[in-house]
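Only one structure is covered here, and it is reproduced in the block below.
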Amino acid sequence: MNKQTRLAIFDRLAAAIPDPTTELNYGSPFELLIAVVLSAQATDKGVNKATAKLFPVANTPQAILALGEDGLKEYIKTIGLFNSKATNIIKLCEALIQHHDGQVPQSREALEALAGVGRKTANVILNTAFGLPTIAVDTHIFRVANRTGLAPGKTVLEVEKKLDKSVPPRHKKDAHHLLILHGRYVCVARKPRCPDCCIADLCGFKEKTR
Ligand code: SF4
C-alpha cells in the first residue's frame, strides 16, 4: 500500500470517528491500568460494570490492597479469569507502592515489569493515559491491518512494527483507537460491513461483502 492511500485511510477514519478513545471508563492512569488488566478476554462493557462499583470504593493501590485479594474478587467476580486477575492486581499494587510511589510509571519497561501487564497493556497505557503515539495491536487491529493491507503480518508484533513505521505522523497518536473502533463496529470479524465502510475503495480485502 502506498503512502497516499495510507494517509487517505487514516484521514477518512479520523473524519468518521471524531472521538477516538477507549470505551473503558476511567478517571486516572491507575484506574485505566486496572480496567485494561481486567479487560483481557472480557468485554469493555463487563469491565465498566464492575469498575463502576469498585472505583468509588478503591481507586488507588493502597485502597485496593486494603480490600485484600478476596475483597477485590467480590467486585470483579463477574469478569472472566477474575481469580488470576485479582492475584495480578494485588501484586501490581504492591509493586507500584514499592517502586513507583503508588503512581503508574510512564515507561514501557516499568509497565511491563508489573504483574499482568504485557506489551499490549503497556502500549494502551502509554497511548491512552499518557498520550504517547504507541499502537497496541489487539485482535481488531490485527484483523483490520491484515484485511485492508495497511500492515499485513503473521504476528501481532510484526503488525505493530509495521504500523509503527507506516502510520502517517499526524494520525499516530489516534491510530490505535481509530483502528480498534473501525474493527469493532465496521470491519467486524465474521461479516465485515463493507457496503457501509468509509474506506472500502481504498481497502485491499479481496472478499468484500456486498
Ligand atoms: S471494506 Fe470491508 S474489509 Fe475493508 S476495511 Fe472496510 S469493512 Fe473491512
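Residue indices begin at 1 and follow the sequence shown.
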For the pair [X] and [Y], find out whether any cationic side-chain nitrogen is under 4.0 Å from an anionic carboxylate oxygen.
| X | Y | value |
| --- | --- | --- |
| K208 | D201 | no |
| K77 | E74 | yes |
| E158 | K154 | no |
| R184 | E23 | yes |

State whether a side-chain donor-acceptor pair under 3.5 Å links [X] with [Y].
| X | Y | result |
| --- | --- | --- |
| D19 | H177 | no |
| E69 | T87 | yes |
| K173 | N127 | no |

Any donor-acceptor N/O pair, [X] side chain to [Y] backbone, under 3.5 Å:
| X | Y | value |
| --- | --- | --- |
| R143 | G183 | yes |
| N146 | G153 | yes |
| K120 | A136 | no |

Quiz prompt | side chain to side chain contact (heavy atoms under 4.5 Å, CB included) between E94 and L65, intermediate numbers included | solution = CA-CA 8 Å; E94 286 168 350; L65 289 181; 3.8 Å; yes

Practice problem: Check N48 against N25 and note the closest heavy-atom contact, atom names and distance. | Solution: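 That closest heavy-atom pairing would be OD1-N, 2.7 Å.
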
Self-check item: Closest heavy-atom pair and its distance - P20, L181
Solution: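 So the minimum-distance heavy-atom pair works out to CA-CD1, 4.1 Å.
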
Quiz prompt | Whether over 12 other heavy atoms sit under 6.0 Å from K73 NZ | solution =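 Result for NZ/K73: enclosed.
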
Quiz item: Is the number of heavy atoms from other residues, nucleotides or ligands under 6.0 Å of D101 CG greater than 12?
Solution: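 No, CG of D101 has 12 or fewer neighbouring heavy atoms, counting only those of other groups under 6.0 Å.
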
Quiz item: Once you round to the nearest 0.5 Å, how far does CG of L96 lie from NZ of K91?
Solution: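 Interatomic distance, L96 CG to K91 NZ, rounded to 0.5 Å: 14.0 Å.
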
